[in-house]
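Step one of this worksheet: look at the structure below.
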Amino acid sequence: MHRPRGKVGSADSKLPSSVRSTLLELFGQIEREFENLYIENLELRREIETLNERLAAEGQAIDGAELSKGQLKTKASHSTSQLSQKLKTTYKASTSKIVSSFKTTTSRAVCQLVKEYIGHRDGIWDVSVARTQPVVLGTASADHTALLWSIETGRCLVKYSGHVGSVNSIKFHPSEQLALTASGDQTAHIWSYAVQLPTPQPIADTTQQICGEDEVECSDKDEPDVDADVSSDCPTIRVPLTSLKSHQGVVIAADWLVGGKQAVTASWDRTANLFDVETAELVHSLTGHDQELTHCCTHPTQRLVVTSSRDTTFRLWDFRDPSIHSVNVFQGHTDTVTSAVFTVGDNVVSGSDDRTVKVWDLRNMRSPIATIRTDSAINRINVCVGQKIIALPHDNRQVRLFDMSGVRLARLPRSSRQGHRRMVCCSAWSEDHPMCNLFTCGFDRQAIGWSINIPALLQEK
């Protein structure tokens with residue numbers, strides 16, 4: 001008599017329920033795989049018997065006598081060896097995923113989902129972390145708002161509703177409590193915020209998962225339910241300090257230049273514009289892309305800007321010399337370049353709808369120094385500056401981590417209970433935060449804070 005599978009060892013087990021359920025699921029898979037192999041084995045044996053009978057009959061017809069035992073043994077042994085080989089191949093293929101799952105269970109590279117930030121009414125395009133105290137999380141959404149969140153509690157602290165179109169990006173000023181948002185209303189806004197962080201509550205360690213490339217795929221679910229307007233209780237800012245206007249199309253992204261006295265915007269009108277923040281005046285219009293821009297990014301310490309476009313290129317604009325504004329064009333992708341970002345030193349990392357990420361040396365633009373090939377289009381990437389780890393948000397709901405040489409480090413856990421349920425639009429590292437050091441957002445209307453054990457991740461390489 002079979003005991004119910006879910007109850008096996010449940011009374012005496014010292015394992016946490018999440019670990020036990022994972023093991024039971026894996027053992028269930030093993031049982032199903034061996035059931036399939038057993039059935040296939042029986043069918044193959046029947047085929048061998050039929051084949052041997054046919055061979056024996058054909059031997060009698062040709063020779064007029066029974067096949068010698070040696071001949072029959074040779075043919076039977078050949079068939080048996082084919083069966084053996086097929087069984088081995090099938091077994092290896094069917095159990096490789098299970099073995100990989102066990103490997104990741106013992107891995108030291110722990111990626112833990114810590115907090116979900118739920119409150120937007122539509123997909124979230126962009127996520128960013130404040131660079132000054134208090135450190136808050138910012139999200140930009142297609143619901144026409146930007147929200148600021150307490151990283152520790154997941155509470156909405158400020159709602160910005162000054163735009164009349166989708167809010168496509170959000171970036172924080174390097175030294176002041178200012179946010180820069182880009183919108184489908186053809187403007188970029190600079191607005192001031194003042195927040196008081198709530199007291200964080202203890203976090204139950206119930207969502208720990210292991211990074212791995214071979215986790216069991218799970219059922220898809222709709223976006224998280226938002227029963228009430230989470231942002232209705234927090235203060236709302238409706239008017240910007242400054243509105244940057246000059247584009248004739250959607251402003252898809254914006255960023256602060258080093259020092260925060262100038263800002264750059266990227267638009268579907270195929271141009272990027274450099275503005276003086278204090279006067280809101282247009283300083284330079286950056287033209288040259290053949291199709292809509294998708295992203296812009298500034299260097300953390302130098303007056304450099306990189307713009308990405310649907311024309312399959314990204315361009316590096318150099319404003320270090322006030323009298324000369326040079327531009328370099330990087331060609332290497334075969335589809336839309338969704339983002340290109342700076343790293344420490346002279347490297348730029350670009351991601352594309354062609355499912356690749358490329359690492360470039362600014363001193364040699366002709367070919368990338370590393371290429372990462374994936375199985376899904378890549379959206380707004382971000383690089384962990386200190387450890388040089390690239391976070392890749394994918395159209396297929398996955399988030400993968402790679403190093404700068406193209407070595408795959410991990411995949412963030414995703415299941416029916418946690419992780420993104422729609423396209424992941426953006427990633428953002430916050431290396432020094434004690435609770436979450438990576439954030440992602442997507443079209444499931446949520447942002448997620450992750451704790452990545454970077455030393456263990458790099459040790460596993």
Side-chain angles (χ1 to χ4, degrees), residues 113-130 136-172 179-193 195 197-198 220-240 243 249-254 268 294-295 338 379-380 393-397 399 414 416-428 436 439-450:
L113 187 153
V114 177
K115 185 66 70 175
E116 295 174 332
Y117 305 88
I118 300 172
H120 278 294
R121 292 290 183 172
D122 208 336
I124 304 175
W125 291 117
D126 203 23
V127 62
S128 185
V129 182
V136 295
L137 183 71
T139 52
S141 171
D143 66 8
H144 298 195
T145 71
L147 299 181
L148 303 188
W149 306 83
S150 163
I151 292 175
E152 292 79 7
T153 68
R155 274 183 52 193
C156 176
L157 303 174
V158 171
K159 176 182 181 179
Y160 181 71
S161 60
H163 287 292
V164 293
S166 169
V167 185
N168 300 320
S169 80
I170 181 168
K171 285 288 185 291
F172 290 96
L180 170 65
T181 48
S183 173
D185 62 12
Q186 304 187 5
T187 70
H189 287 180
I190 296 170
W191 42 279
S192 175
Y193 63 91
V195 296
L197 295 180
D220 186 18
K221 285 179 66 177
D222 290 330
E223 301 87 351
D225 294 326
V226 183
D227 297 327
D229 189 352
V230 175
S231 60
S232 62
D233 297 334
C234 64
T236 300
I237 301 170
R238 294 181 173 84
V239 181
S243 182
V250 167
V251 183
I252 196 65
W268 284 4
T294 56
H295 192 248
T338 52
N379 296 309
R380 291 181 176 177
H394 287 286
D395 272 6
N396 68 358
R397 304 171 292 177
V399 180
R414 196 186 74 79
S416 58
R417 299 178 300 277
Q418 66 169 353
H420 287 290
R421 302 178 181 100
R422 295 288 177 90
M423 171 179 72
V424 190
C425 298
C426 182
S427 60
C436 303
F439 297 91
T440 57
C441 67
F443 244 62
D444 54 3
R445 303 184 294 189
Q446 68 173 335
I448 297 177
W450 305 87

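Under a 3.5 Å cut-off, the side chain of Tyr117 and the backbone N or O of Cys441 do not form any donor-acceptor pair.
The closest side-chain donor-acceptor pair between Thr139 and Trp149 falls under 3.5 angstrom. Side-chain contact of His189 with Ser183: a donor-acceptor pair under 3.5 Å is absent, judged by distance alone.
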Quiz item: Do Trp125 and Ser166 pass the side chain to side chain donor-acceptor pair (under 3.5 Å) test, and can you show the C-alpha distance, the side-chain angles, and the key distance before you say yes or no?
Solution: CA-CA 9 Å; Trp125 291 117; Ser166 169; 3.0 Å; yes
Exercise. Please test Val158 against Thr236 for side-chain contact (heavy atoms from CB on, under 4.5 Å), starting from the C-alpha separation and ending with a verdict.
Key: CA-CA 6 Å; Val158 171; Thr236 300; over 6 Å; no
Quiz prompt | side-chain contact (heavy atoms from CB on, under 4.5 Å) evaluation trace for Val239 with Ile237 | solution = CA-CA 6 Å; Val239 181; Ile237 301 170; 5.9 Å; no
Quiz item: Run the side-chain contact (heavy atoms from CB on, under 4.5 Å) check on Ile170 and Ser128 step by step: do they pass?
Solution: CA-CA 6 Å; Ile170 181 168; Ser128 185; 4.1 Å; yes
Self-check item: side-chain contact (heavy atoms from CB on, under 4.5 Å) between Val127 and Cys426, intermediate numbers included
Solution: CA-CA 6 Å; Val127 62; Cys426 182; 3.9 Å; yes
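Residues Val250 and Asn168 form a side-chain contact, since some pair of their non-hydrogen atoms from C-beta on lies under 4.5 Å apart. No side-chain heavy atom of Arg397 sits under 4.5 Å from any side-chain heavy atom of Met423. When side chains are defined from C-beta on, Phe172 counts as touching Val136, because their heavy atoms get closer than 4.5 Å.
Atom CZ of Arg421 and atom CD of Gln446 lie 5.5 Å apart (nearest 0.5 Å). Here CD of Glu116 is found 9.0 Å from NE2 of His420. Values are rounded to the nearest 0.5 Å. Ser141 contributes atom OG, which lies 9.5 Å from atom CZ of Arg445 (distance to the nearest 0.5 angstrom). Interatomic distance, Ile448 CD1 to Cys436 SG, rounded to the nearest 0.5 Å: 10.5 Å. Distance CD1/Ile124 to CG/Asp444: 7.5 Å, rounded to 0.5 Å. In this structure, SG on Cys425 lies 13.0 Å from NE2 on His394, to the nearest 0.5 angstrom.
Nearest approach of Pro393 to Val399, heavy atoms of both residues: CA-CG2, 4.5 Å. Closest heavy-atom contact between His120 and Asp143: ND1-OD2, 2.9 Å. Taking all atoms of both residues into account, the shortest heavy-atom contact from Ile252 to Ser169 is O-CB, 4.0 Å.
The number of heavy-atom neighbours closer than 6.0 Å to CH2 of Trp450, taken from other residues, nucleotides and ligands shown, is above 12. Under a cut-off of 6.0 angstrom, the local environment of CH2 in Trp191 is crowded, with over 12 non-hydrogen atoms contributed by other residues, nucleotides or ligands.
You'll find the ring centres of His163 and Tyr160 inside the 6.0 Å limit.
Checked for salt-bridge contact, Lys171 and Asp126 meet the test: a charged N lies under 4.0 Å from a carboxylate O.
The side chain to side chain donor-acceptor pair (under 3.5 Å) test with Asn379 singles out one residue from Thr338, Thr440, Asp395, Thr294, and that residue is Asp395.
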